[in-house]
Amino acid sequence: MLSKSTPDELKLSIMNTTSLTKILILSFCFALIFGCSGTCPKDKVPNILFIMTDDHSLQTFSAYDNRFIETPNLDRIGNEGVVFRNSFVSNSICAPSRAVMLTGKHSHKNGQINNTTTFNGNQVTFPKLLREKGYQTGLIGKWHLKSLPTGFDHYEILIGQGDYYNSKFITNADTIASEGYVTNVITDKSINWLEGRNKEKPFCMLVHHKATHRVWQPDTALFHLYKDEEFEVPETYFDNYEKRPAAAQQKMSIAEDMDLVYDLKLLDKEGEIKTKYRSRYESILKKMTPEQRAAWDREYEPVIADFKAKGLKGDALSLFKYQRYMQDYLRCVASVDNNVGRLLDYLEEQGELDNTLIVYTSDQGFYMGEHGWFDKRFMYEQSLRTPLVMRYPKLIKPKTELHQLVQNIDYAPTFLDLAGIDIPEDIQGESLVKLFNHDNPKWREAIYYHYYEFPNEHMVKRHYGIRTGRYKLIHFYNDIDQWELYDLVNDPNEMLNLCEQEDMQPVTVRLKQQLEQLQMEYDDSDRSTF
Ligand code: SGN
Ligand code: CA
């Protein structure tokens, strides 16, 4: 509770005491006045700006990888703060990741095990706890949890996946239309909310973009980007999935499953390119204004004509698809980068930049052609990892690089910790604050993963596993019973399943024990219920 003492009373109370006692009493009073046991006063706790994109890969974020794109604004957050070099998700799919972040608990605990279940909004989440302590809470953009948001003073969320153009938003009161490109619109709405907020209170705002989700529709204003680029093809593009039956059975191959019309925008007027999702793409385009549609067609008509003239087949067709995919995906990333720059500039102009913990992450990583794939879901590196950078100069030194194994269960306890709020006992993540404060803090040596969405789109088998600094052990289960073991130092591309290899048996046995231990700690032993 806030102290009701007047300054005079405080002065009186410390008269005639020793210096040490005075200091103790003053510190106590300071804690009472400015501590967070009651309402968090502004300036004593950070604002929190939690920016998240959807399906943004580390490969297309230049703080991690600059082969394909420069992302100066995203990099700025990490350069002036921290880049987490080993940041992972716990279940590589959208709604589950969001629920994990809100609750700080693995999917089996928060109940959101896949994209089809509905989030139980009655449970404790970090926005609720922050709001109870005086934060003003806002949420703009993708939500995807089916139940309406709880714990926010204000929200404007996309309906399901939302649309790239002229998307509708659900607000606390209504469903409203918007005009324009969704990444710009979400940023405009976020700045509007910041502008109109109660400036006496700290804020926590979730800016959750639709981009860079399938079907990677760029902003027409960015069509000039990546026009004539030839992108490096990943080493594992033509993977044959030897000794990895679960990897062989997915449906997320660029060659096989990526749709020429829907994913790659090759809607020819003659109707000769007949694909499974052609009509789905036509209905997306109907949502554009005539001006947007005209700009769209101006861009893609020559691409379509060129494609038809080439008559590609086999590997050549597959490689064409990869290049086409990369081009539009990167344009979506470029728009995110520009818009994150706008938000940073706004905070800077307002004098709030250094008072704000800025977090940028994605709901998971993504395949940019590695193993021949797009999408995510697997516990392999590209989709197990997620980008994570933070900036808060009062606690984080510029150019910090952290290599500890962190996971999206850690975000909620980090935010609560920074706000001076007690972290509930049943939160499974750890506050990252101790990584900022200490040179060598005690930290987890392995992370736990569990993916459930099978059978479903892309047909990635159910699996769980453990990843340490060096090894990864995965068990695919349900309609398959297959173990995989990777040595990430000798085989970073995860092409050699060592599980059956004689000399690796001691490692496998040890990892299985560690995995069981983690399942006990996280209380995830019963798979029969799912
Ligand atoms: C949609 C996509 C899938 C994607 C899921 C889940 N298909 O169903 O490719 O894996 O979302 O993505 S689409 O034809 O609708 O684009 S998630 O990020 O929301 O979990
Ligand atoms: Ca996603």
Side-chain angles (χ1 to χ4, degrees), residues 51-61 87-102 107 112-119 141-146 157-165 167 182-183 186 206 208-218 250-254 256-265 267 275-285 287 321 325 328-329 332-333 336 360-369 373-380 382-388 408 451-462:
I51 310 170
M52 182 162 74
T53 36
D54 196 341
D55 297 359
H56 185 193
S57 59
L58 277 77
Q59 303 92 299
T60 57
F61 183 158
S87 149
F88 305 97
V89 294
S90 45
N91 180 1
S92 185
I93 183 106
C94 182
S97 272
R98 288 159 207 271
V100 163
M101 291 180 208
L102 288 167
S107 307
Q112 188 75 40
I113 58 165
N114 56 34
N115 273 348
T116 54
T117 46
T118 300
F119 183 65
K142 186 170 172 182
W143 173 247
H144 204 198
L145 289 172
K146 293 199 178 144
I157 55 167
L158 298 171
I159 302 172
Q161 299 281 5
D163 294 305
Y164 272 103
Y165 281 88
S167 201
V182 73
T183 312
I186 289 172
L206 279 51
H208 287 185
H209 287 288
K210 170 180 174 59
T212 53
H213 195 272
R214 193 181 183 190
V215 288
W216 318 293
Q217 282 180 271
Q250 48 51 52
K251 296 262 175 269
M252 48 191 251
S253 142
I254 293 177
E256 306 291 327
D257 307 302
M258 193 173 262
D259 195 279
L260 280 170
V261 176
Y262 178 61
D263 290 309
L264 302 179
K265 333 285 182 331
L267 180 76
T275 64
K276 190 171 167 191
Y277 294 140
R278 188 178 164 107
S279 60
R280 207 192 272 187
Y281 181 66
E282 283 172 319
S283 49
I284 292 180
L285 295 195
K287 296 178 180 175
K321 290 174 87 175
Y325 162 49
D328 284 344
Y329 182 101
C332 294
V333 177
V336 167
Y360 178 89
T361 189
S362 170
D363 62 343
Q364 19 53 219
F366 212 67
Y367 295 93
M368 310 305 311
W373 297 337
F374 63 103
D375 216 65
K376 53 265 177 174
R377 300 163 190 265
F378 277 110
M379 198 192 163
Y380 303 130
Q382 288 79 12
S383 49
L384 174 63
R385 288 182 179 272
T386 198
L388 180 64
N408 49 358
Y451 169 84
Y452 307 80
E453 196 171 276
F454 178 88
N456 209 302
E457 199 176 2
H458 303 301
M459 298 305 273
V460 172
K461 307 284 186 190
R462 294 179 189 212

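Predicted, not measured: the structure shown is a model, and the values here were computed from it. Only heavy atoms go into these numbers, but all of them, side chains included; no hydrogens, no water, no symmetry mates. For ligands, and for the atoms within them, numbers begin at 1 and follow the listed sequence. Residue indices begin at 1 and follow the sequence shown.
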Q.
Distance under 4.0 Å to a non-hydrogen atom of H144: what atoms of ligand 1 satisfy this?
A. 19 (O)
Q: Using a 4.5 Å cut-off on heavy atoms from C-beta on, say whether the side chain of Y325 contacts that of L264.
A: yes
Q. In a check of side-chain contact (heavy atoms from CB on, under 4.5 Å) between F366 and each of T60, T386, D55, which one passes?
A. D55
Q: Output the atom name for the N/O/S atom of D363 with the smallest distance to the Ca ion (ligand 2).
A: OD2
(Q) Quick check with a 6.0 Å cut-off and a 45 degree axis cone: is K210 positioned over the face of Y164's six-membered ring? (A) yes
Q. Which atoms of ligand 1 are found less than 4.0 Å from any heavy atom of D363?
A. 18 (O)
**Q.** atom 9 (O) of ligand 1: nearest protein contact (heavy atom, Å)
**A.** H458 NE2, 2.6 Å
Q. Side chains of Y367 and S383: donor-acceptor distance under 3.5 Å anywhere?
A. yes
Q: Give the name of the N/O/S atom in D55 that lies closest to the Ca ion (ligand 2).
A: OD1
Q) Between R214, K142, Q161, which one has a non-hydrogen atom sitting closest to atom 11 (O) of ligand 1? A) Q161
Q) Do L102 and F119 have side-chain heavy atoms sitting under 4.5 Å apart? A) yes
Q: Name the closest protein heavy atom to atom 4 (C) of ligand 1, giving the residue it belongs to and the distance to 0.1 Å.
A: D375 OD1, 3.5 Å
Q: Could you find the nearest protein heavy atom to atom 18 (O) of ligand 1 and give me its residue, atom name and distance?
A: K376 NZ, 2.9 Å
Q) To the nearest 0.1 Å, how far is atom 5 (C) of ligand 1 from its closest protein heavy atom, and which atom is that? A) R377 NH2, 3.6 Å
Q) Would you call D54 and R98 a salt bridge, taking side-chain N to carboxylate O under 4.0 Å as the test? A) yes
Q.
Test of understanding: given a 4.0 Å heavy-atom threshold, classify the contact between Y262 and ligand 1 as side chain, backbone, both, or neither.
A. side chain
Q) Which ligand 1 atoms does R280 reach within 4.0 Å, using its non-hydrogen atoms? A) 13 (S), 14 (O), 15 (O)
Q: Quick one: look up the protein heavy atom nearest atom 7 (N) of ligand 1 and list residue, atom name and how far away it is.
A: E457 OE2, 2.9 Å
Q) How many degrees, to 10°, between Q364 OE1 and D54 OD1 as seen from the Ca ion (ligand 2)? A) 150°
Q.
Among all the protein's non-hydrogen atoms, which is closest to atom 17 (S) of ligand 1, and how far away is it?
A. C94 CB, 3.2 Å
Q) For H56 and P387, which heavy atoms make the closest approach, and how far apart are they? A) O-CD, 3.3 Å
**Q.** Short side-chain donor-acceptor distance under 3.5 Å, K142 and Q161
**A.** yes
Q) Looking at A95 and N114, what are the two nearest heavy atoms and their distance? A) CB-O, 4.2 Å
Q. Mind checking whether F61 and Y360 have ring centres under 6.0 Å apart?
A. yes
Q. Against heavy atoms of N115, which atoms of ligand 1 measure under 4.0 Å?
A. 6 (C), 17 (S), 19 (O), 20 (O)
